[in-house]
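Heads up: the structure comes next, in structure tokens.
One-based numbering, in listed order, for ligands and for the atoms of each.
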Amino acid sequence: MLATCKQYINGHWETGVTLGESENPSDAADPVSDFARGDARQTDDAVRAAAGARRVWADSTPQRRFDALDFVGTEILARKEELGRLLAREEGKTLPEAIGEAARAGQIFKFFAAEALRIGGEKLASVRPGIEVDITREPVGVVGLITPWNFPFAIPAWKIAPALAYGNTVVFKPAELVPTCGWQLAEIISRAGLPAGAFNLVMGSGRQVGQAIVNNPLVDAISFTGSAAIGCDVLKVASERRTKVQLEMGGKNPLVVLEDAPFERAVDCAIQGAFFSTGQRCTASSRIIVEAPVFDRFVDAMRARTASLRTGHALASDTEIGPVVSNEQLAQDVRYLQIGREEGAQLVTGGEVLERPTKGHFLSPALFIAQPQHRVAREEIFGPVACIIRADDYEHALALANDTPFGLCAGICTRSLERATHFKRYAEAGMVMVNLPTAGVDFHVPFGGRKGSSFGPREQGRYASEFYTMVKTSYTSA
Ligand code: TXE
């Protein structure tokens, strides 16, 4: 049975201008939903509704915001198994990963429910006599939230929850590949007691709906996660209009493995970081940089572990690696496998398109030995494809780790406190992991990168207030 998913505009469920069908990447015979695809006009309606609700939501009490967000978090946590199943069907991550992500979304709403109670300010004495200075934080206004397909609950949650907690109104556009998850989240939020227009869901193509959010002058801030190319387009329009903007755009994250690393743990970190969630994570460890003395042994261990990973239907209990999200993404992965071979990277194992009992986009995890200049070692592939690169020593490994246009996350496996401390200091990334996979972060601390990976204030944790609020300085003379 297909769920029919409508848009949510100004407190009403609305059909779109066309109907789309959301597919199950594990099984073409099991479509997930029919969903309403909106257009620019409907997006403008949603933005106007959000603008109309600005004042009432900005003036709402912290208690009201807490209650709404806490309601959403509580329901998501109570339904995490069911929501995880939907996520696994629509996006293709394995069921345990999907349930974990649903739970994460619930935790994020809970976290920001409490943050709504903690919005504070500062009071300072003026340098002039008889004057007091107050520094307060106010909502930005209407925020446009544009999200990718790879974390269809968690990424929307970490944008929607702080937006509402800090008193903004929202126009949310999920990625076209995962509308059902976006709709499901909206359906829960629609029952949370928000005023009409405070939260709106529009669905459809990036070119129509996404672009209409970005172009609308009533939108005061845009938070985007997706590809670098679209992120740059969003930035251009936003900067012309002087709209506040926050971009998360992926990575090519290094995991450095030193000679003194706890060996099995380093292999676990590399396998987990490179291939889990089918490698479709912006924090995936796609460049595994290994010090020469352990290089051959590490390659052998990785070959054996990679080849033993079970790829299959996201809902099957023995699956470790789910399908690639779509045919287009599979084609991109296969194209990069071809590019890797043509440029002389050595395929160690995997990279085969697999047949399974159901018709899905299955690719066995692929491991290359690559040179740093190979495209497979420089460009974000966003699939189960990783490179191992040899480093002469630690200094060389650090230089290789930093030799990338991206800067989201960087990891190191070592027993040396000195090396770990040095790496934490000199890795050119927004996040650093020591003896941990590059993927897998906490929800209560900042998330974001440097260089080509991110632009604007950090997401998540209390640092989210930098983006979702504006500072006001008031002077009072009694
Ligand atoms: O991303 P897009 P896609 C990378 C990854 C992947 C590639 C393409 O390499 O293979 O991007 O994925 C909306 N104005 N990442 O096509 O197109 C779009 O509808 C406004 C890495 O999914 O950037 C969706 O909601 N919005 C990344 C969102 O932008 C537009 C995660 C992202 O879509 C738009 C996802 C426009 N002109 C993809 N065009 C990561 N690193 O986390 C599209 N959109």
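Protein residues having at least one heavy atom under 4.0 Å from any atom of ligand 1 are Ile146, Thr147, Pro148, Trp149, Asn150, Lys173, Pro174, Ala175, Glu176, Gly206, Gly210, Gln211, Phe224, Thr225, Gly226, Ser227, Ile230, Met249, Gly250, Cys282, Gln329, Gln332, Glu380, Phe382, listed by chain and number.
Stacking of Lys93 on the aromatic ring of Phe151 is recorded, both the 6.0 Å distance cut-off and the 45° axial limit being met.
By the ring pair (Phe, Tyr, Trp, His ring centres under 6.0 Å) test, Phe423 pairs with no residue at all, sequence neighbours left out.
Applying the ring pair (Phe, Tyr, Trp, His ring centres under 6.0 Å) test to every pair with at least one member in residues 153-175, sequence neighbours left out, gives these pairs: Trp158-Phe447. Evaluation of the salt bridge (Lys or Arg N to Asp or Glu O under 4.0 Å) test over residues 151-170, restricted to residues two or more places apart or in two chains, returns Lys159-Glu459.
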Item to complete: Decide salt bridge (Lys or Arg N to Asp or Glu O under 4.0 Å) for Asp44 and Arg48; before the verdict, give the C-alpha distance in whole Å, the side-chain angles of both, and the deciding distance to 0.1 Å.
Response: CA-CA 6 Å; Asp44 288 346; Arg48 260 196 308 279; 5.5 Å; no
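When atom types are taken as modelled, the side chain of Lys252 and the backbone of Gly407 share no donor-acceptor pair closer than 3.5 angstrom.
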